[in-house]
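Written below as structure tokens is the structure these notes are about.
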Amino acid sequence: MSKGVEEMASDKKNKDKDKNKEKSHKNKDKNKSKSKNPTESVAPKTAREDTDDKKETLEKATPIVSEVRETIECNGETESKSEAEGIQSSVSTGVTWTGPTYFFTQSNTLPPIDIPPDVQTTILTLPVFTTQTNQRVKIDAFFQLIIGSIITAPSFAYTFNIQLYRNSSSIVSIDVVANGYSKPVSIGVFQELPTLTWTDIPPTIGMQKYEICVRRITLGNENHIDSVSVFTRALNAIVFP
């Protein structure tokens, strides 16, 4: 009799254990389904949180640009240093630096410019603008000199002085000379095609007025020349940053 009671009590305990296990499994399944629930919503960021995120992104970018500038300054490259500053400006303001700037003037229209004896005559004028001190200005010029000689003369001679001016100050001077050239008596017109190239470094910022001037030197240098004029002509400049 006592043995049957003990067996019944043991069966009850086993059933209670099974029920507890089932409850434990059900609770675990519920927790898993909650963690995987896709319908849970995330609260949108406030305007202040969004601004803070953008600020953090910009702060992360700034050290990278600073590192580029420090590296280039160590190499001693002046132009590359400006480039690094341009990168910094682009990151903070969106404004980038400019490249070379081109200026030019030219003409091949009539009438030509007459070159009188022993008078300095301006044949080309070009205003150029610089934005920094010690900028390089590359200048190129060309013009066509038409020289009329006395047809019946067997020879001719001439001398021309050509000068490049910046703001009324001469920076380049060259001479074109023909001394005692023989010619057929049936030919009376000749031409010269002077060219000039120069790199100038103006000491000031702002407008720089460049001029090409020609002087026809007659005293002791000219023989059997009837007239001189300038026809096709051009002057250009490139300003480098």
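Worth knowing before you read on, the calculation uses all heavy atoms, side chains too, and leaves out hydrogens, waters and symmetry mates.
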Side-chain heavy atoms of Leu164 within contact of Ile212, under 4.5 Å | yes

Minimum heavy-atom distance between Ile123 and Ile115, given as atom pair plus value = CG2-CD1, 4.1 Å

Looking only at heavy atoms, the pair that brings Ile151 and Gly188 closest together is CG1-CA, 4.0 Å

Take Thr197 and Asp140 through the side chain to side chain contact (heavy atoms under 4.5 Å, CB included) test and state the conclusion after the steps.
-> CA-CA 4 Å; Thr197 184; Asp140 292 287; 2.8 Å; yes

Hey, any chance Val176 and Trp198 share a hydrophobic cluster, counting ILVMFWY side chains that come within less than 4.5 Å of each other, even indirectly?
-> yes

State, yes or no, whether a side-chain contact exists between Lys183 and His224 at a heavy-atom distance under 4.5 Å.
-> no

Are Ile217 and Ile162 in one and the same hydrophobic cluster, where Ile, Leu, Val, Met, Phe, Trp and Tyr link if side-chain heavy atoms are under 4.5 Å apart?
-> no

Asn223 (side chain) donor-acceptor with Gly180 (main chain) under 3.5 angstrom = no

Heavy-atom side-chain proximity of Arg166 to Val137 below 4.5 angstrom = no

Residues that Glu222 engages under salt bridge (charged side-chain N to carboxylate O under 4.0 Å, His left out), provided they are two or more places apart = Arg216

Would you say the side-chain atoms of Arg136 pair up with the backbone N or O of Asn134, donor to acceptor, closer than 3.5 Å?
-> no

What about Val128 and Leu196, same hydrophobic cluster or not, with Ile/Leu/Val/Met/Phe/Trp/Tyr joined at side-chain heavy-atom distances under 4.5 Å?
-> yes

Is any side-chain heavy atom of Thr125 less than 4.5 Å from a side-chain heavy atom of Thr105?
-> no

For the student: nearest non-hydrogen atoms of Phe103 and Val239, plus distance | CE1-CG2, 3.6 Å

List the steps, then state whether ring pair (Phe, Tyr, Trp, His ring centres under 6.0 Å) holds for Phe156 with Phe190.
-> CA-CA 10 Å; Phe156 64 91; Phe190 301 89; 4.5 Å; yes

Within a strict 4.5 Å, meaning less than it, do heavy atoms of the Ile146 and Val230 side chains meet?
-> no

Nearest heavy atoms of Leu110 and Pro112, plus distance in Å | CD2-CD, 3.7 Å

Can any side-chain N or O of Ser149 pair as donor or acceptor with the backbone N or O of Ile225 at less than 3.5 Å?
-> no

Give a yes or no on this: more than 12 heavy atoms of other residues, nucleotides or ligands lie within 6.0 Å of atom CG of Leu219.
-> no

Would you call Ser173 and Arg215 a side-chain contact if the rule is heavy atoms closer than 4.5 Å?
-> no

Search all heavy atoms of Phe104 against all heavy atoms of Asn236 and return the closest pair with its distance.
-> CB-CB, 3.7 Å

Locate the shortest heavy-atom distance separating Ile171 from Tyr210; write the atom from each residue and the value.
-> CD1-CE2, 4.1 Å

Heavy-atom side-chain contact between Ile205 and Gln135 under 4.5 Å = no

Could you label the plane-to-plane angle of the Tyr158 and Phe160 rings as parallel, tilted or perpendicular, counting under 30° as parallel and over 60° as perpendicular?
-> tilted

So does Asn179 have more than 12 non-hydrogen atoms from other groups sitting under 6.0 Å from CG?
-> no

What do the steps show when you test Leu235 against Phe143 for side chain to side chain contact (heavy atoms under 4.5 Å, CB included), and what is the final call?
-> CA-CA 9 Å; Leu235 172 62; Phe143 58 94; over 6 Å; no

Is a side-chain donor or acceptor of Asp114 paired with a backbone partner of Ser229 at a separation under 3.5 angstrom?
-> no

Shared hydrophobic cluster for Leu126 and Met207 (ILVMFWY, side-chain gaps under 4.5 Å) | yes

Using atom types as modelled and distance alone, determine if a side-chain donor or acceptor of Ser170 lies under 3.5 Å from a backbone N or O of Tyr165.
-> no

